[in-house]
Structures are given as C-alpha cells and as structure tokens.
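As structure tokens, the structure follows; a few thoughts come after it.
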Amino acid sequence: MISIQQIHKAFGDNRVLKGISIDIQQGEVVCIIGPSGSGKSTILRCINGLEAYDDGKILVNGHVVDRDANNIHWIRTHVSMVFQRFNLFPHRTVLQNVIEGPIFVKKEAVESATENGLRLLDQVGLSHKAEAYPGQLSGGQQQRVAIARALAMQPQAILFDEPTSALDPELVGDVLAVMRSLADAGMTMVVVTHEMGFAREVADRVVFMDQGLVVEEGPARELLTNPRHERTQEFLKRVSSSL
Amino acid sequence: MASTLIKDVIEFTPILLEGAVVTVQVTLASLVLSTLIGLGWALMRTSGIPVLATASKIFVNLIRGIPILVILFYVYFVLPEFGIQLSAFLAGTIGLGIAYSAYMAEAFRSGIEAIDAGQVEAAQSIGMRKWMIMRRVILPQAFKISLPPYGNNLVMMLKDSSQTSAITVAELAMQSKLIAASSFKNMTVFSMGAIGYLLLSIPLIYFVSRLEKKFGKSK
C-alpha cells in the first residue's frame, strides 16, 4: 500500500536519510524504532508530504507522493497523521476538531459528520468531552482526540509520529490501548515509537533505523528478542536498561 | 468668573461635540480601512511567495518612514494634480488608514507568526489547502494574539485623527482651534478639547488592557 523506495534527504549538509526502502502492506502494523537523529520521524513525514525528499520515490496506492503536486491533498486525506505534540486546534472544541476535515475538506454533510465524529469520540473513550476545548484535556486525552481526528478522514493508513513521547507515563496506556484496538481492527499503521512493549505485542514488523539507514527489519518478536545486527543489539540493550 | 466659565462651557460644548462626532467617524472609518489594508500586507508578508513578501516589506517600511501629516498632505494636495479630488473627510480617512495599515500589518504579522508550525502541519495532514489553513486555522488564532497591539493602535489612531485638522477636517482639535481663535478663551477651549479626547480614549485604554489580560499571556 505504501512503498518507500531509496529515499534520500538532506537538511543542508546533514544527510538524514541515505537510501531508505520500506514496503508496507494493507492492514500491516509497522513500527519504526531507532536512536534519535536516525531519521525515523523524517521518513514518516515524507510519506504524506509534510517533508520533501531529495531523491527516490514514495508511492501511496501507486500514486507518487510529491508535496508540490496537486494530488498531495488527495493523498493526505487517505493517509492521516498523529503527531507527537497532538497539534489539536485550540480554538475549536473536541468535536469540532474531529469533524473539521470531514466537513471542510471532504465536504460531508454536517449531520452525518457530527454523528460519525461522536461515534469516533466514543471509540476513543471521550464522548463526554465533545464540547470541551483541547486546553481543558490531559495530554493523553488530547492524543486520543487527535487519533479520532485522524480516523474521521476514513484513511487507509495512519502515521504515528512518536505518539506517546510527550505524555506523562501514566497517560501512555490509554493511548496505546486505542492504537491497539485500531491495529486489531485491521488499520494499516506506521508507528515511530520508543514503546518497545507496544512494538513487540502489536507490530507485525519492526524496522530498526540508525544514521539514515535501515539497519534491520523483520517480524516484531524476532527482531526485538533476537536482533542480528550489533547496532540493533546495542540499541535494544540501552533502551531496556533505561526502563 | 465662575459664571463666565460655565457660560463658555455651555456655549462651546455643542460645537466641540460636533467635532467629537467627526473624530469618532474618522477614527472608525480609518480603522476599517487600516485593518483591511494591514491584513493584506500581513498576508502578503507571510504568504511564502518572495515577490509578495518583499513588496509588502517595502510598502510597510515606506509608510512607517513617512510622517502621518505628510501622508495626509499627499492625499489631499497631491492627488488632485492627478485628477483625484477628495473631500477633506475622505482624504483624512484614507491618509490615516494607509498610515496605520503599516502598524496593523505588524500586529497581524506577529500574531500569524506566533502560531505553532504544528498547527499548519495538522491542517495539512487532514488535506487542507493553503488558503483554507489560513482562514480556518491560522487567522482565528492569530487574531486573538493580535488583539492587544491592535487595540493599542486603535487608541493611537483616535489621537492621531487630530492630525487631519491640518487638511481642514472639522474634527475635535480643529473645532477647538477655531473656537479658540474667535473667542480667545484658549485655556477653556483647549482644556475642553483635551477632556473630550480623554473621555473617548480612556474607555478604550481600559478595554485594551482587559484584552491584554485575557489574551496576552495565555495562548
């Protein structure tokens, strides 16, 4: 469904991606892990054109992703994104955040969009907060609203950019639970994360990136318990010792 | 002594009130004009299109570098040479509106630039296009941030509307000057004029400081 082919990207002299290739199938949950600065967020942002890439090709359902092309808006309505810092619209209520895209981008009728929005809020356990403003919610609640907002676009895939990194530890569980139920429902998900437990239990496949390259990829359990590469082993050791 | 003062006040008040009405009219009309033009400058400046951004920067600096009085003279005395004859009121409004558009532009620009880049990305990620992002996501938030400087500009504009007296707009300062010239009661007349401006501006200043409390600190 998403095909990343030999992507190169530099910020000035700093080469952050040095030929990344990843293929993601429909219904697959892929976790991208790696040390900070490895380029994992950048590659995620390239998939829906928030970031431009210098060389290579990204295809979404056979359509080339080019942030300057006219179809980028079409691609973005099919591939939603959940951000580390939630990025909810602070001047709109929780419900308005969720139905903004369906109403103003997809031109859905207000009534059906609202109905659908409330159903999604219920799904993430926040229907009682529909009329609240984002500033009145905890980080974990905001992130669940952000997930509902992404779902409201009825995307074929959702990209998660370190969705729990900005959360207090006790709020992480609720967000991961929502993500887990999405995975169980068959949503295609690409997740940049530091949550090894989540990756182990939910991901079909884990990709380990370091210094702009894919070092190793494979089935989640296998890669996380028996990493083949030295760098992967080192990284996992460091991550587990810090827990 | 006191009775002549009261008599003078009663005599001058209606004329000064007429002037105050014109002052309010000039201020409000210039407010509308400067808001629209200023918003235009700010949108050009933040458009990400180099030609527009540079043009906006040049115009805004040009306007800021010329005294309001000279802009007023230009609109009132120079434009007629190009066949554009404006009434004093219209010329005053347009001159003041253009002069203040530069300051309004800065107020809006600071508001727009204060919006977190994540807001734009979130809007992009649900497929919004540039103009819709501006209209639905950035401007509603930017306006709140811009309100305190915007209000301050409004207070300044109220006072600077007195400069239109130089091109014969019959506002409060002009009426004061006229009465003073014919009655020689300088002290009484100009004190009344000053009080007139204070009565108009103090509620505004109070209103602006409340805006600052409400929107200044919190995002």
Side-chain angles (χ1 to χ4, degrees), chain A residues 41 44-45 47-51 67-68 70-92 96-108 113 133-136 142-143 145-155 157-161 166, chain B residues 35 39 42-44 46-53 104 107-151 208 210-219:
Chain A
S41 282
L44 197 72
R45 291 159 56 80
I47 297 176
N48 71 345
L50 285 183
E51 205 78 70
R67 73 192 304 254
D68 297 318
N70 226 351
N71 72 349
I72 190 66
H73 308 288
W74 180 89
I75 288 172
R76 284 171 180 159
T77 58
H78 288 75
V79 182
S80 291
M81 182 134 182
V82 173
F83 299 87
Q84 181 177 356
R85 309 224 28 171
F86 334 132
N87 297 349
L88 294 178
F89 305 129
H91 58 302
R92 307 210 185 278
Q96 285 170 341
N97 264 278
V98 175
I99 62 180
E100 178 80 11
I103 291 177
F104 290 94
V105 177
K106 295 180 92 178
K107 310 289 179 200
E108 282 176 25
Y133 282 87
Q136 300 166 313
Q142 289 192 50
Q143 193 60 299
V145 174
I147 293 173
R149 176 172 70 178
L151 284 171
M153 298 305 287
Q154 295 172 312
I158 302 183
L159 313 173
F160 293 84
D161 187 5
Chain B
T35 301
L39 189 57
L43 289 177
M44 283 166 68
T46 54
S47 64
I49 302 164
V51 186
L52 292 183
M104 294 306 194
F108 292 139
R109 182 170 72 98
S110 64
I112 290 171
E113 288 177 350
I115 305 302
D116 187 65
Q119 289 290 309
V120 177
E121 293 187 346
Q124 285 176 333
S125 79
I126 54 173
M128 283 193 179
R129 287 160 196 272
K130 212 170 173 178
W131 176 236
M132 188 185 278
I133 295 174
M134 190 49 94
R135 202 163 44 84
R136 302 259 339 146
V137 177
I138 298 177
L139 284 184
Q141 298 183 61
F143 275 133
K144 276 190 194 171
I145 300 170
S146 303
L147 265 180
Y150 183 82
V208 170
R210 281 199 40 188
L211 284 182
E212 273 174 346
K213 279 206 191 90
K214 198 163 174 203
F215 299 118
K217 278 170 261 166
S218 68
K219 254 201 173 172

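Below, chains carry the letters A, B, ... as their sequence lines are ordered, and counting in each starts from 1. Fair warning: this is a prediction, and the values are worked out from it, not measured in the lab.
Closest approach of B/Ala122 and A/Arg149 over heavy atoms only: CB-NH2, 3.5 Å.
In this structure, chain B has heavy atoms under 4.5 Å from both the backbone and the side chain of A/Met81. With a threshold of 4.5 angstrom between heavy atoms, B/Met132 approaches chain A through side-chain atoms but not through N, CA, C or O. Heavy atoms of A/Phe86 lying under 4.5 Å from chain B are absent altogether. Only the side chain of A/Phe83 comes within less than 4.5 Å of a heavy atom of chain B; its backbone N, CA, C and O stay farther away. With a threshold of 4.5 angstrom between heavy atoms, A/Val79 approaches chain B through N, CA, C or O but not through any side-chain atom.
Atom CZ of residue A/Arg76 and atom CD of residue B/Glu121 lie 9.0 Å apart, to the nearest 0.5 angstrom. In this structure, CD1 on B/Ile126 lies 11.5 Å from CG on A/Asn87, to the nearest 0.5 angstrom. Between A/Arg85 atom CZ and B/Asp116 atom CG the span is 7.5 Å, to the nearest 0.5 Å. Note that CD1 of A/Ile72 and CZ of B/Arg129 are 10.5 Å apart. Values are rounded to the nearest 0.5 Å. Atom OG of B/Ser125 and atom CG of A/Asp161 lie 11.0 Å apart (nearest 0.5 Å). The line from NE2 of A/His91 to CD1 of B/Ile115 is 8.5 Å long, rounded to the nearest 0.5 Å.
For B/Gln124 (side chain) and A/His73 (main-chain N/O), no donor-acceptor pair under 3.5 Å exists by modelled atom type. With hydrogens and angles disregarded, a donor-acceptor distance shorter than 3.5 Å links the side chain of A/Arg92 to the backbone of B/Arg136.
B/Arg135 CZ: more than 12 foreign heavy atoms inside a 6.0 Å radius.
For the set A/Asn48, A/Thr77, A/Leu50, the count of heavy-atom pairs under 4.5 angstrom toward chain B peaks at A/Leu50.
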